[in-house]
Number of protein chains: 2
Amino acid sequence: MKDQDAKTLSNTQRAVRDLRQMILSGELAAGTDHLESELAETLGMSRTPIREAALMLESKGLLEMRPRKGVRILPVSSDDMREIYDILTELESLAAQRAAEAGYSEDELAVLAGSIAKMDQAIEAEDLEAWAEADELFHQELVRLGGNKRVEAIVAMMSDQVRRARATTLFIRPLPVKSNEDHRVVFQAISESRPDVARERHREHRLQAQAMLCGILEKHRLTSL
Amino acid sequence: MKDQDAKTLSNTQRAVRDLRQMILSGELAAGTDHLESELAETLGMSRTPIREAALMLESKGLLEMRPRKGVRILPVSSDDMREIYDILTELESLAAQRAAEAGYSEDELAVLAGSIAKMDQAIEAEDLEAWAEADELFHQELVRLGGNKRVEAIVAMMSDQVRRARATTLFIRPLPVKSNEDHRVVFQAISESRPDVARERHREHRLQAQAMLCGILEKHRLTSL
DNA sequence: GCATTCTTTAATGTATACGCAAATAAATGC
DNA sequence: GCATTTATTTGCGTATACATTAAAGAATGC
């Protein structure tokens with residue numbers, strides 16, 4: 001429970017937050033159906049805010065509302081991840097380019113640098129959860145520095161689904177040492193204001209990560225189905 | 001009125017369609033506020049479907065719901081268009097690449113070829129409306145051929161806003177002769193299965209179009225405000 | 001025993017009612 | 001006359017009730 005629950009947040013907002021959390025945590029498993037009224041009872045509110053929340057989560061691609069069938073939690077297939085990574089590759093590369101063009105000061109790049117440091121520490125400690133968290137921070141901050149609000153929104157939307165897939169891949173994939181090097185190279189290009197380098201390096205980084213992760217998901221597809 | 005109105009479409013769906021249309025046509029002008037109850041009365045339904053529709057259109061960036069202020073129709077600034085075109089540049093270039101990789105047959109490329117033909121005719125006849133329509137078809141079909149459903153969804157979402165901006169630029173911009181040549185080059189690269197060429201040519205095409213259109217919007221910013 | 005139709009059920013789509021909070025208007029104190 | 005506080009209004013958030021319709025089950029005819 002956060003500090004504010006019934007206070008400043010509306011029921012609709014709580015429903016969005018809670019349902020999202022339940023989906024990401026797997027409490028609402030992929031592929032399962034749930035009636036609006038069940039969810040309403042679970043979260044202790046009426047159907048109205050549940051419907052509004054479901055509508056929002058539907059537009060984010062986390063679930064699907066089907067008349068008479070209830071809301072279905074959408075599974076994330078390897079094909080889905082391929083689509084998502086394709087988009088992230090393009091939009092994050094753009095962000096890297098724009099961030100390099102912007103000529104940020106060392107201070108303004110502190111969060112980005114910090115996330116790389118955290119990833120290094122996590123690798124050292126072989127703490128994959130911590131690494132994943134820092135990795136997400138890096139990508140999120142990179143996109144923020146890119147300065148395009150719509151890119152930010154799209155990436156945030158997709159990152160929910162990436163997070164779900166990561167639950168599968170994180171403990172199977174090789175230790176992300178190479179990944180950390182990639183991040184450093186991109187960071188350097190941004191801090192040296194070299195847009196084309198930042199763009200291309202990040203693009204390569206993403207393409208490699210995508211190939212690896214989709215490969216893993218493909219292999220384990222049968223397991224999860 | 002389409003063939004089906006009260007028949008197969010729910011009120012929520014009608015509200016989405018009608019509100020979207022009213023925004024695109026300018027009937028609901030950018031920057032204006034409207035109470036949920038007003039809109040409900042206008043469309044002859046209760047607030048519930050209006051709210052659900054507004055929620056969807058909000059996620060598409062056409063409007064904003066603000067407590068006690070009503071729903072605000074969001075204006076499209078030149079900054080907005082810069083953001084949108086940046087995204088379209090990246091995602092459509094990806095689509096062009098993927099379309100070229102897919103190795104479509106002549107038949108499968110018929111719609112794309114047709115849209116180019118229509119643009120040529122429109123230029124000939126100096127019919128800018130027809131040209132815009134064909135141009136939109138080209139980009140839409142290109143993205144479809146790219147085979148990424150999420151890209152399709154994002155582009156469709158943004159194209160609503162592009163359409164609103166076009167109302168400003170269409171009759172000011174130079175006759176899009178160069179644009180047609182660009183399209184032909186991209187088409188050829190796709191039909192010859194040359195992904196890198198398709199990607200780069202389309203990218204250049206988009207960057208030029210963006211620079212031109214944002215320039216126009218920038219100039220006429222004062223007029224519209 | 002199977003198929004078809006009717007009945008019933010159950011879940012959604014939508015209307016409506018109401019409480020609450022925010023914005024505006026009014027009133028009182030200084 | 002201005003500021004501050006109090007009333008009032010008004011629009012939203014949400015609960016709830018109801019109508020609609022699709023799906024499931026029962027029953028009847030063949």
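A, B, ... follow the sequence lines: proteins, then strands. Residue 1 opens every chain.
Environment of CD in A:Gln13: crowded, with over 12 heavy atoms of neighbouring residues, nucleotides or ligands closer than 6.0 Å. Counting heavy atoms of neighbouring residues, nucleotides and ligands inside a 6.0 Å radius, atom CD of B:Glu38 exceeds 12 of them. For A:Lys60, the NZ atom counts as densely surrounded, since its 6.0 Å shell holds more than 12 non-hydrogen atoms of other residues, nucleotides or ligands.
Not one N or O on the side chain of A:Asp127 forms a donor-acceptor pair closer than 3.5 Å with the backbone of A:Ala122. Under the 3.5 Å distance criterion, the side-chain polar atoms of B:Glu83 are matched with a main-chain donor or acceptor of A:Arg150. Put simply, the side chain of A:Gln161 never gets that close to the backbone of A:Met81: no donor and acceptor are under 3.5 Å apart. Counting only distance, with no hydrogens or angles, the side chain of B:Glu108 and the backbone of B:Ser105 share a donor-acceptor pair below 3.5 Å.
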List every contact pair, protein side and nucleotides 15-17 of chain D side both N or O, where the distance is under 3.5 Å.
residue: D:dA15; atom: OP1; partner: A:Asn11; partner atom: ND2; Å: 3.4
residue: D:dA15; atom: OP1; partner: A:Ser46; partner atom: N; Å: 3.4
residue: D:dA15; atom: OP2; partner: A:Ser46; partner atom: N; Å: 2.7
residue: D:dA15; atom: OP2; partner: A:Ser46; partner atom: OG; Å: 2.2
residue: D:dA15; atom: O5'; partner: A:Ser46; partner atom: OG; Å: 3.3
residue: D:dA15; atom: N7; partner: A:Thr48; partner atom: OG1; Å: 2.9
residue: D:dT16; atom: O4; partner: A:Thr48; partner atom: OG1; Å: 3.3

Protein-nucleotides 7-9 of chain D N/O pairs closer than 3.5 Å?
none

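Judged by closest nucleotide on DNA chain D, A:Glu52 is the one of A:Arg68 and A:Glu52 placed further toward the 5' end. Taking the nucleotide of DNA chain D with the nearest heavy atom to each of A:Thr12 and A:Pro67, the more 5' of the two is matched to A:Thr12.
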message: Apply side-chain contact (heavy atoms from CB on, under 4.5 Å) to residues B:Met65 and B:Glu36 and explain how you reach the verdict.
response: CA-CA 9 Å; B:Met65 295 176 80; B:Glu36 293 175 1; 3.4 Å; yes

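For B:Arg51, no side-chain nitrogen or oxygen approaches OP1 or OP2 of D:dC12 to under 4.0 Å.
Note: CZ (B:Arg72) to P (D:dG11) measures 16 Å, nearest angstrom. Counting to the nearest Å, the P atom of D:dA22 and the NZ atom of A:Lys69 are 12 Å from each other.
Contacts of A:Glu133 classified as side chain to side chain contact (heavy atoms under 4.5 Å, CB included), with partners at least two apart in sequence or in another chain: none. Looking at residues two or more places apart in sequence or on another chain, you find a side chain to side chain contact (heavy atoms under 4.5 Å, CB included) between B:Met45 and B:Asn11, B:Arg14, B:Ala15, B:Leu43, B:Pro49, B:Ile50.
Of the residues in residues 29-41 of chain B, those placing a heavy atom less than 4.0 Å from an atom of DNA chain D are B:Leu35, B:Glu36, in numerical order.
Protein chain A contacts DNA chain C from C:dA10 to C:dT14, reading 5' to 3' and using non-hydrogen atoms of the protein with a distance under 4.0 Å.
Taken to the nearest 0.5 Å, the CH2 atom of B:Trp131 stands 10.5 Å off from the CD atom of B:Glu136.
Note on ring orientation: taking the six-membered ring where Trp is involved, the planes of A:His183 and A:Phe138 are tilted (angle from 30° to 60°).
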